[in-house]
Each structure stands twice: as C-alpha cells, then as structure tokens.
Amino acid sequence: MRNRSLAGNCGIAVFVIALVTVALAFGTPNWLVSDSRIRGAKMERLGLWSHCFRSLPDPLDQYQRRFFVGCRWVYDPFTTGYDKIRGYLLPAFMIATQFFFTVCLIGVLISTILVLIFFLCCGPDQSKFEILIKSIGYTMLVAGISGSIAVIVFACTGNTDGWMPDHANNYLGWSFGLGVVGSVACLVTAALFLTESNIQTKKRRRFKESQARFELEEESKA
C-alpha cells in the first residue's frame, strides 16, 4: 500500500500555504490601511493586535488636547490614556474578528504537528493512520470556518463610517488578503485530507479483502 495518494500530497502542499498565510495575517498590522497619498490622514494602518496612527485625537476628549501618534500594541499598558480608548479601538466586531482568527491559527498550529506526523512518521500499516488523517481534516475544517467568519465580519464592518477616521480613504490591506487566502487554503486542505481519509479507508478494505481471498486459496490448495 502506498503511504499517500495525490490528495494527501496536495493536502500537504496547500497546508503549507495555509500555515504561512494565516500566521502572517495574524501577526501583521495591515488589515486596514489608509491611502498614503492623503497627507492629513489620522490613521496609517491597523491589524488585529496593533494600530499605527499619524495623529489620532482622543475620541473621549471633546477639547482634543491629546493625540496618539505611532504604532502601539492594542493592549499597550504604558501609553497614557490608551487603556481608556480601548473600547473605541476594539468594538464588538473587532473582538469577534480577533477571536475567530485566533481559533483559526490555533487549529492550524495543532494541524502542523499532525501533518508532520503524517508526513514523517505514520503509514497505512499503522492502525491510527486513518484517524490521524481525519483529525487533520476536521481540525482544518474548523480552522477554515473560523477564519472565514473572521474575514467576513471584518470585511463587512471594518471600514464603515463611525469607527476609524477618514473611512472613505481607507481600504482593506494585504494582511486582510492573506487572511482570506489562508482561510480558503484551510478549507481546501480539509477537503483534501478528508478525501485522503476516504481513499485510505477504501485501500485498507481492498487490501483486507485480497488478503482474505489469498488465505482461502492457500487453504483450498492445502
């Protein structure tokens, strides 16, 4: 019995794409980007966990005596007043995006260990081989669904009027694009590994049937 079919080999290749794109989208601050041609833009770019502002006025200060400039972690405990505007920086839809994309990343990281076992250590002669493949498939399915929810929520609400300033001059950045690619790659990986599981199940069944026929022929000859 061959260790992997074409579906399994393609699944590994697409999984690598999913791992790279999801990890980069998770950690880079370019989900929403301001048009660089606009000189008076208040926001420069933002990601899931960091924000870069050119000159953002404190939304809680009606006299606009405080401005936030530069890049900061969204949970920065050191900048005066940053903790007070966290509700502004992280509305409900942004928290939902963070949550679902974190679930996506966790699923991909768990699958990384399983894919390494599938690629390096495990073969069809081992009893847990099919369970391993199904585990990868269903884990990546959950990751893909979670990532898709995250990017859909952000696409629908991330650049609406009432959140970041100058929303007409803002656009979805390349980190968001990587998130979309990564989510789709997770779903494709899930489909390929579940297909691989079905192929390996059929191979094992045919192998057992041929082995049983061989044993019957040997017995009849004896």
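Taking the ring pair (Phe, Tyr, Trp, His ring centres under 6.0 Å) definition, one finds that Phe100 meets it with nothing, sequence neighbours left out. With sequence neighbours left out, Glu44 forms a side chain to side chain donor-acceptor pair (under 3.5 Å) with no residue at all. The salt bridge (charged side-chain N to carboxylate O under 4.0 Å, His left out) search around Asp35 returns Arg37, not counting sequence neighbours. Under the rule for a side-chain contact (heavy atoms from CB on, under 4.5 Å), the partners of Asn198 that lie at least two apart in sequence or sit in another chain are Lys202. Partners of Trp73 by ring pair (Phe, Tyr, Trp, His ring centres under 6.0 Å), not counting sequence neighbours, listed by chain and number: Tyr75. Arg72 meets the side chain to side chain donor-acceptor pair (under 3.5 Å) test with Thr79; sequence neighbours excluded.
Hydrophobic cluster membership of Val33, counting Ile, Leu, Val, Met, Phe, Trp and Tyr whose side-chain heavy atoms lie under 4.5 Å apart directly or via other members: Tyr171.
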For residues 175-185, please give each side-chain donor-acceptor pair under 3.5 Å, one per line with the distance, not counting sequence neighbours.
| unit_1 | atom_1 | unit_2 | atom_2 | d |
| --- | --- | --- | --- | --- |
| Ser175 | OG | Thr28 | OG1 | 2.6 |
| Ser175 | OG | Asn30 | N | 3.1 |
| Ser183 | OG | Gly147 | O | 3.2 |
| Ser183 | OG | Gly179 | O | 2.8 |

Using residues 102-121 as the side-chain source, report each donor-acceptor pair under 3.5 Å to any protein atom, sequence neighbours left out, with the distance given to one decimal.
| unit_1 | atom_1 | unit_2 | atom_2 | d |
| --- | --- | --- | --- | --- |
| Thr102 | OG1 | Gln98 | O | 2.6 |
| Ser111 | OG | Gly107 | O | 2.9 |
| Thr112 | OG1 | Val108 | O | 2.8 |

For residues 152-161, tabulate all N or O donor-acceptor pairs below 3.5 Å that involve a side-chain atom, not counting sequence neighbours.
| unit_1 | atom_1 | unit_2 | atom_2 | d |
| --- | --- | --- | --- | --- |
| Thr157 | OG1 | Val153 | O | 2.6 |
| Asn159 | ND2 | His167 | O | 3.4 |
| Asn159 | ND2 | Asn170 | O | 2.9 |
| Thr160 | OG1 | Thr157 | O | 3.0 |

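Scanning both residues, Ala18 and Thr189, for their nearest heavy atoms gives CB-OG1, 4.5 Å. Residues His51 and Leu46 approach most closely at CD2-CB, 3.6 Å, considering heavy atoms. The minimum heavy-atom distance between Met164 and Leu32, with the atom names listed, is CG-CD2, 4.1 Å. Residue Val74 comes nearest to Arg86 through the heavy atom pair O-NE, 3.4 Å, listed as atom of the first residue, atom of the second, then distance. Closest approach of Gly8 and Glu196 over heavy atoms only: N-OE1, 3.0 Å. In terms of heavy-atom proximity, Gly47 sits nearest to Trp31 at CA-CD1, 3.9 Å.
Screening Val22, Ile17, Leu24 for a side chain to side chain contact (heavy atoms under 4.5 Å, CB included) involving Val20 leaves a single residue, Leu24.
Taking NZ of Lys134 as the start and OG of Ser197 as the end, the distance is 4.5 Å to the nearest 0.5 Å. The structure places NZ of Lys128 at 14.0 Å from CD1 of Ile133, a figure rounded to the nearest 0.5 Å. Atoms CZ and CD1, on Phe15 and Ile136 in that order, are 8.0 Å from each other to the nearest 0.5 Å. Of the inter-residue distances, the one linking Leu187 atom CG with Ile145 atom CD1 reads 6.5 Å to the nearest 0.5 angstrom. Rounding to the nearest 0.5 angstrom, the gap separating the CZ atom in Phe129 from the CD atom in Gln200 is 4.5 Å. Note that CZ of Phe78 and CG of Asp83 are 12.0 Å apart. Values are rounded to the nearest 0.5 Å.
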- Query: After noting the C-alpha distance and the side-chain angles of Trp49 and Phe26, does the key distance pass the side-chain contact (heavy atoms from CB on, under 4.5 Å) rule?
  - Reply: CA-CA 8 Å; Trp49 309 105; Phe26 186 84; 3.3 Å; yes
- Kindly determine whether Asn9 and Ser5 satisfy side-chain contact (heavy atoms from CB on, under 4.5 Å), including the steps that lead there. CA-CA 6 Å; Asn9 290 326; Ser5 70; over 6 Å; no
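Within 6.0 Å of OH in Tyr138 there are 12 or fewer heavy atoms belonging to other residues, nucleotides or ligands. Phe99 CZ: 12 or fewer foreign heavy atoms inside a 6.0 Å radius.
Following chains of ILVMFWY side-chain contacts shorter than 4.5 Å, one cannot reach Val69 starting from Ile85, and the two form parts of different hydrophobic clusters. Linking Ile, Leu, Val, Met, Phe, Trp and Tyr residues whenever their side-chain heavy atoms come within less than 4.5 Å places Ile149 and Ile95 in a single cluster.
At a threshold of 4.5 Å between non-hydrogen side-chain atoms, the residues Lys42 and Asp166 count as touching.
Within the 3.5 Å criterion, the main-chain N or O of Met43 finds a donor-acceptor partner in the side chain of Ser34.
Applying the disulfide (SG to SG under 2.5 Å) test to residues at least two apart or on different chains, none of the pairs has a partner in residues 173-205. For residues 28-103, every residue pair satisfying the disulfide (SG to SG under 2.5 Å) rule, not counting sequence neighbours, is listed here: Cys52-Cys71.
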